[in-house]
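What follows is a single structure, written as structure tokens, with notes after it.
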Amino acid sequence: MLDAVSASAAVDADWLLGAATGQSAAQRRAHPEQPLAEPAWRRYQGLLQRRYRGEPVAYLLGRCGFMDFELVVTPAVLIPRPETEHLVEAALESPAARVLELGTGSGCIAIALGRAWPNARIDATDQSAEALTVANQNAALLGVDNLRLRQGDWYEPVGTARYDLIVSNPPYIGPAEPEPDQGDARFEPRAALRADESGLAALRIIIEGAAAHLEDAGRLWVEHGHTQGPAVREYLAAQGFEAIETRRDLAGHERISGGRRGAQRHE
Ligand SMILES: C[S@@+](CC[C@H](N)C(=O)[O-])C[C@H]1O[C@@H](n2cnc3c(N)ncnc32)[C@H](O)[C@@H]1O
């Protein structure tokens with residue numbers, strides 16, 4: 001029945017069976033003769049029904065993988081996407097002592113950077129208090145203690161602080177685009193997905209604010225929609241960024257762009 005709503009029905013069912021029984025696939029395979037106990041069977045049927053109604057597997061399990069670690073996820077946060085791992089990899093190419101992530105959601109990006117750079121100081125902001133509760137829980141579970149979470153609008157919570165690296169995966173789906181109203185995305189927070197100005201509003205604000213929050217030669221990396229590369233490069237150029245580049249995701253789509261703050265723009 002899951003085939004009708006999921007392209008990965010068999011895998012989904014296996015994950016949900018694991019959640020219902022508390023056993024790994026290997027444990028279940030090792031004892032195929034063991035019947036499913038009635039309570040586990042009922043839990044499994046309940047999870048299958050919810051999946052059939054469209055709830056994402058990650059929300060049903062309450063967790064998902066990102067990079068080489070696992071995160072708690074709830075409907076208060078975007079489910080981290082594999083594309084965002086490219087953003088983390090690009091950010092990690094140039095070591096940074098002070099880092100700012102804007103729109104941290106589950107905390108996936110900030111936590112990945114905090115784990116890779118335990119001596120760096122990572123600040124991360126989000127407007128959603130509920131999302132920051134999840135990010136805080138993830139940082140604690142993963143033992144990341146160099147991350148400071150702040151609630152507010154983009155740069156507002158960090159005042160005039162400057163960073164060596166700013167990174168963001170902001171909402172970038174335009175009001176007219178249908179994706180957030182389809183499939184699993186229907187269950188994700190609107191504020192994590194949609195942005196005005198054909199999806200470019202948050203990217204524009206973040207790029208326009210970056211120079212005032214970057215040290216000389218500091219770097220900015222942003223994730224964006226696959227048609228938004230030209231507009232993002234234009235915003236970066238208009239703010240005096242140098243070494244502007246765009247990278248593609250595994251599907252070959254332009255997905256992340258970044259640049260280095262020119263030293264001449266110091267105020
Ligand atoms: C696309 S999600 C990214 C979440 C996470 N960083 C990731 O990559 O999975 C965008 C995040 O930006 C946050 N956000 C939206 N508008 C914001 C604003 N004006 N100020 C701060 N954060 C905002 C949302 O709450 C959401 O958590």
Side-chain angles (χ1 to χ4, degrees), residues 56 58-59 63-67 69-92 99-115 122-139 142 144 147-159 161 163 165-175 177 179-180 184-197 199-210 213 220-226 228 232 247 249 255-258:
Y59 289 155
R63 61 193 159 85
C64 80
F66 184 74
M67 307 292 292
F69 54 91
E70 201 166 77
L71 293 157
V72 168
V73 290
T74 75
V77 301
L78 188 89
I79 299 164
R81 307 290 202 267
E83 298 90 285
T84 304
E85 297 184 0
H86 296 304
L87 185 65
V88 172
E89 284 160 3
L92 286 172
V99 179
L100 174 63
E101 190 213 344
L102 300 166
T104 195
S106 63
C108 59
I109 298 170
I111 287 171
L113 298 175
R115 280 163 63 91
I122 321 277
D123 287 345
T125 72
D126 205 292
Q127 68 178 5
S128 161
E130 292 79 13
L132 290 176
T133 299
V134 176
N136 193 34
Q137 189 181 354
N138 280 321
L142 289 160
V144 174
L147 170 59
R148 220 172 41 164
L149 297 163
R150 292 280 177 270
Q151 187 188 1
D153 187 40
W154 302 131
Y155 295 98
E156 177 266 321
V158 302
Y163 299 87
L165 169 70
I166 297 174
V167 63
S168 184
N169 171 24
Y172 55 69
I173 303 178
E177 293 177 61
E179 290 88 343
D184 291 13
R186 287 172 297 159
F187 293 82
E188 295 186 289
R190 302 297 81 189
L193 296 167
R194 288 214 184 272
D196 290 337
E197 301 171 26
L200 287 162
L203 285 159
R204 181 183 57 70
I205 291 167
I206 287 165
I207 294 169
E208 285 178 358
H213 291 90
L220 169 67
W221 282 106
V222 291
E223 181 175 327
H224 52 74
H226 67 98
Q228 293 171 334
V232 168
R247 299 194 187 167
D249 61 22
R255 186 59 64 190
I256 63 167
S257 293

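Note that ligands are numbered from 1 as they come in the structure, with each ligand's atoms numbered from 1 the same way. When a residue number appears, it is its place in the shown sequence, counting from 1. Model, not experiment: these values are computed from the prediction.
Formation of a donor-acceptor pair under 3.5 Å by the Ser168 side chain with backbone atoms of Val222 is not found in this model. No donor-acceptor pair under 3.5 Å is formed between the side chain of Asp123 and the backbone N or O of Leu100. Under a 3.5 Å cut-off, the side chain of Arg81 and the backbone N or O of Ile79 do form a donor-acceptor pair. For the pair Tyr59 (side chain) and Val73 (backbone), a donor-acceptor distance under 3.5 Å is absent.
With a 4.5 Å cut-off on side-chain heavy atoms, Leu193 and Leu78 count as touching. Using a 4.5 Å heavy-atom cutoff, the side chains of His86 and Arg247 are not in contact. Using a 4.5 Å cut-off on side-chain heavy atoms (C-beta onward), Leu113 and Glu101 make no contact.
Among the atoms of Ser106, none of the N or O lies under 3.5 angstrom from an N or O of ligand 1. Of the polar atoms of Thr125, none of the N or O atoms is found under 3.5 Å from an N or O of ligand 1, judged by distance alone. For ligand 1, the polar-atom distance check against Arg81 finds no nitrogen or oxygen pair separated by under 3.5 Å.
Protein heavy atom closest to atom 20 (N) of ligand 1, with residue, atom name and distance, is Trp154 N, 2.9 Å. The protein heavy-atom contact nearest to atom 1 (C) of ligand 1 is Ala192 O, 2.9 Å. Annotation: atom 25 (O) of ligand 1 to nearest protein heavy atom, Asp126 OD1, 2.7 Å. In terms of protein heavy atoms, atom 3 (C) of ligand 1 is closest to Asn169 O, 3.1 Å. For atom 7 (C) of ligand 1, the closest non-hydrogen atom on the protein side is Cys108 SG, 3.4 Å. Closest to atom 22 (N) of ligand 1 among all protein heavy atoms lies Gln127 N, 3.2 Å.
Contact between Glu101 and ligand 1 is present, with at least one heavy atom of the residue lying under 4.0 Å from the ligand. At a 4.0 Å cut-off, not a single heavy atom of Ala131 sits close enough to ligand 1 to count as contact.
Under 4.0 Å from ligand 1, heavy atoms of Asp153 appear from its side chain as well as its backbone.
Atom 5 (C) of ligand 1 has its nearest heavy-atom neighbour, among Leu102, Thr84, Thr104, in Thr104. Taking each of Gly107, Gly103, Pro171 in turn, the one with a heavy atom nearest to atom 4 (C) of ligand 1 proves to be Gly103. Looking at Ala112, Ala201, Pro80, Ala191, it is Ala191 that brings a heavy atom closest to atom 15 (C) of ligand 1.
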